[in-house]
Protein chains: 2
Amino acid sequence: MGGRRPQRADARTNRERILNVAEEVFGKGGQSASTEEVARLANVGIATVFRHFPTKAALLEAVLVQRFDRLREQAETLFHAPDPGAAFFDFFSHLVADAAGKIAIAEALFEAGGDHDGDAAQASDGLRRAVGALLQHAQRVGAVRDDVELPEVYALLVATSRASARAHLEEEVRDRMLTIIFDGLAPLRNARAQLKT
Amino acid sequence: MGGRRPQRADARTNRERILNVAEEVFGKGGQSASTEEVARLANVGIATVFRHFPTKAALLEAVLVQRFDRLREQAETLFHAPDPGAAFFDFFSHLVADAAGKIAIAEALFEAGGDHDGDAAQASDGLRRAVGALLQHAQRVGAVRDDVELPEVYALLVATSRASARAHLEEEVRDRMLTIIFDGLAPLRNARAQLKT
DNA sequence: CGCTATCCGAAGTCGCGACTCCGTATACTC
DNA sequence: GAGTATACGGAGTCGCGACTTCGGATAGCG
């Protein structure tokens, strides 16, 4: 008994292609993009999609887990960067730029902050933790104000990601937006506090 | 001929009730909330909704126009406030706080920035212009850096509004997020260098 | 090269939500 | 208070998209 044959080669490649196509399709059209379009662009029947991913939600979740994990790994790579300040700001910029045109990802990143459980929420949490570590390192070297905490920083990260996810936001405007936020995160604000009195 | 009777009283009140209920329903559930729910909560048949607003999109647009116009009026009220700096920041905060739980409005505010035309886009544009005026006034009195422009400020406004539109964002975190942005918008970035007088 | 478990695609089913039809009810006119 | 245009509600229709079924193909083992 138990003589289970291994997965067939074509099944494996199909699953992978579906996942990649789904990332693009959901990225461009959001969660409301149709499963049929994913199948068509992957040169695959609709049934094949559902065979590999029992529901549309499962497919979306698989896409998200893949993406979140990838981002988390990138963040972890920067844990031991020589300049933690640059590491933090670079990762912030990179994530926001990366979100351009990735509607579903940005949305999910956003909602996963909440109550939903499941693999995607778990992966999202891992990313959040990694960002938290980057933030702490940056604060330790004085590149970021000590009095800011992860929740508001992450909220800003998510908000700007979502903002650049949809069209109509030129790269230049996005950068100027980030400049403002980065200025707000920088320390030495108290120069003004003394003035204000 | 031409003896068109005026609109009946019950029709007028129904239209108004539908519009108000729709604002709440779309606010809470986003654009994907069903027309049938609007009808039910308004104590009205589905047909009545469609009689007043030919399509769901038209209903949504009516809601948005109402909301955008109201916000624009509030902004215009502040044009001649004694303290243009406070006026700008207060309006920013107010709009973001107001967006809490108003999913559809924040989303639409966002997308209306783009190519869509129609009444909603026009109303959205009016709001944007009003914010631009507040910004200029604030800059004129030195409450906001001179080198920021409307596009990035508006993008930040929209992004934070969207962020607080959905659940999972406590009021405190929202305020801390705004503090960071406001600090980034404040002038005197080089004050610590020259300790401005 | 034949056998079979595995995998595939096309053509369905099914439910949901936007929108319509029509007989009934109600506000307004005289 | 009778007549009529206007408005109403509920029971439809219709299309779309998630998911299933099943006969046919194909990989991989011997």
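Computation of the quantities below employed the complete heavy-atom set of this structure, encompassing side-chain atoms and omitting hydrogens, waters and symmetry-equivalent molecules. Below, chains carry the letters A, B, ... as their sequence lines are ordered, and counting in each starts from 1. Note that this is a predicted model, so its numbers are computed, not measured.
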If I take atom [atom1] in residue [X] and atom [atom2] in nucleotide [N], what distance separates them, rounded to the nearest angstrom?
X: B:Arg12; N: C:dC28; atom1: CZ; atom2: P; value: 11 Å
X: A:Ile46; N: D:dC16; atom1: CD1; atom2: C1'; value: 12 Å
X: A:Asn43; N: C:dA10; atom1: CG; atom2: P; value: 11 Å
X: B:Glu37; N: C:dC19; atom1: CD; atom2: P; value: 17 Å
X: A:Arg17; N: C:dC7; atom1: CZ; atom2: P; value: 15 Å
X: B:Glu36; N: D:dG12; atom1: CD; atom2: C1'; value: 15 Å
X: B:Ile18; N: C:dA18; atom1: CD1; atom2: P; value: 14 Å
X: A:Asn14; N: D:dA27; atom1: CG; atom2: C1'; value: 13 Å

- prompt: What heavy-atom pair brings A:Asp119 and A:Glu61 nearest, and what distance separates the two atoms?
  reply: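 The pair with the smallest heavy-atom distance is N-OE2, 3.3 Å.
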
- prompt: Of the non-hydrogen atoms in B:Ala155 and A:Leu169, which two are nearest, and what is the gap between them?
  reply: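 Looking at all heavy atoms of both residues, the shortest contact is CB-CD1, 4.1 Å.
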
query: At under 4.0 Å between heavy atoms, what does B:Ala47 touch on the DNA or RNA strands: base, sugar-phosphate, or nothing?
result: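 Touches a base.
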
task: Could you tell me whether A:Ala33 contacts a base, only the sugar-phosphate backbone, or nothing, with contacts defined as non-hydrogen atoms closer than 4.0 Å?
output: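 Sugar-phosphate only.
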
Given [options], the nucleotide with the shortest approach to the side chain of [X]:
X: B:Phe50; options: C:dT20, D:dA7, C:dT6; result: C:dT20
X: B:Lys56; options: D:dA18, C:dC8, C:dC19; result: C:dC19
X: A:Gln7; options: D:dT20, C:dC7, D:dA7; result: C:dC7
X: A:Arg8; options: D:dG9, C:dG17, C:dC7; result: C:dC7
X: B:His52; options: D:dC8, D:dA5, C:dG17; result: D:dC8
X: A:Ala11; options: C:dC7, C:dC28, D:dG9; result: C:dC7
X: A:Arg51; options: D:dA11, C:dC8, C:dA18; result: C:dC8

field: Contact check, side chains of B:Leu135 and B:Tyr154, non-hydrogen atoms, under 4.5 Å
entry: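 Not touching, per the 4.5 Å side-chain cut-off.
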
message: If we count only N and O atoms by modelled type, under 3.5 Å, do the side chains of B:Arg17 and B:Asn14 hold a donor and an acceptor together?
response: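 B:Asn14 and B:Arg17 do have a side-chain donor-acceptor pair below 3.5 Å.
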
message: How long is the straight-line distance from CZ of B:Phe26 back to OG1 of B:Thr35, given to the nearest 0.5 Å?
response: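 Rounded to the nearest 0.5 Å, the OG1-CZ separation comes out at 5.5 Å.
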
message: For B:Asp10 and B:Gln31, find the nucleotide of DNA chain C closest to each by heavy atoms; which residue's nucleotide sits nearer the 5' end?
response: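 Closer to the 5' end of DNA chain C: B:Gln31.
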
message: On the nucleotide C:dA18, are OP1 or OP2 found under 4.0 Å from the side-chain N or O atoms that B:Thr35 carries?
response: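 Affirmative; the distance criterion is met.
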
- request: Look at the side-chain N and O atoms of B:Thr48 and state whether any lies under 4.0 Å from the OP1 or OP2 oxygen of D:dA7.
  value: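 Negative; the distance criterion is not met.
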
